[in-house]
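Numbering starts at 1 and runs along the sequence shown. Read the numbers this way: they start at 1 and go in the same order the structure lists the ligands and their atoms.
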Amino acid sequence: MSARCAHWIGAEQRYCEATEGVRLYLPGLACPLHTPSALAGKPEPQPGKGRLPGAWTTPSPISDSRVHDARAIASGKRRSSPHTYRAAQAAVDHKTN
Ligand SMILES: [Zn+2]
């Protein structure tokens, strides 16, 4: 027994009973023509399109955070190897002079 669209077509005094593409929606089984969205005149919600493009990008450019990092290392607020510390100090000195 296959699923059938349970939408009542009032004008034709019958149930739709379409079997193609029938899925279970909140009100019950419905074919693509009679989904809640279709009946409301809205486009079907598309799965997998909820995330906006660029949602994972950070507001500040990478170069900005690198400069910030170098300053943190040079000031000793950020743990680093002596080599990185000197390189960061040189970078910050170069920028401030
Ligand atoms: Zn239908």
Taking only residues two or more places apart in sequence or in another chain, which ones pass side-chain hydrogen bond (donor to acceptor under 3.5 Å, both in side chains) with S75?
none
Listed pairs under 3.5 Å, donor-acceptor, residues 17-26 side chains, sequence neighbours left out:
none

Under 3.5 Å, is there a donor-acceptor pair between the side chain of Q13 and the main chain of G10?
yes
Looking at L39 and H34, what are the two nearest heavy atoms and their distance?
CD1-O, 3.6 Å
Note on the Zn ion (ligand 1): protein N/O/S atoms within less than 2.8 Å are C5 SG, C16 SG, C31 SG, H34 ND1
Does the side chain of S37 come within less than 4.5 Å of P43's, by heavy atoms?
no
Just to verify, what does E44 make a salt bridge (charged side-chain N to carboxylate O under 4.0 Å, His left out) with, not counting sequence neighbours?
none
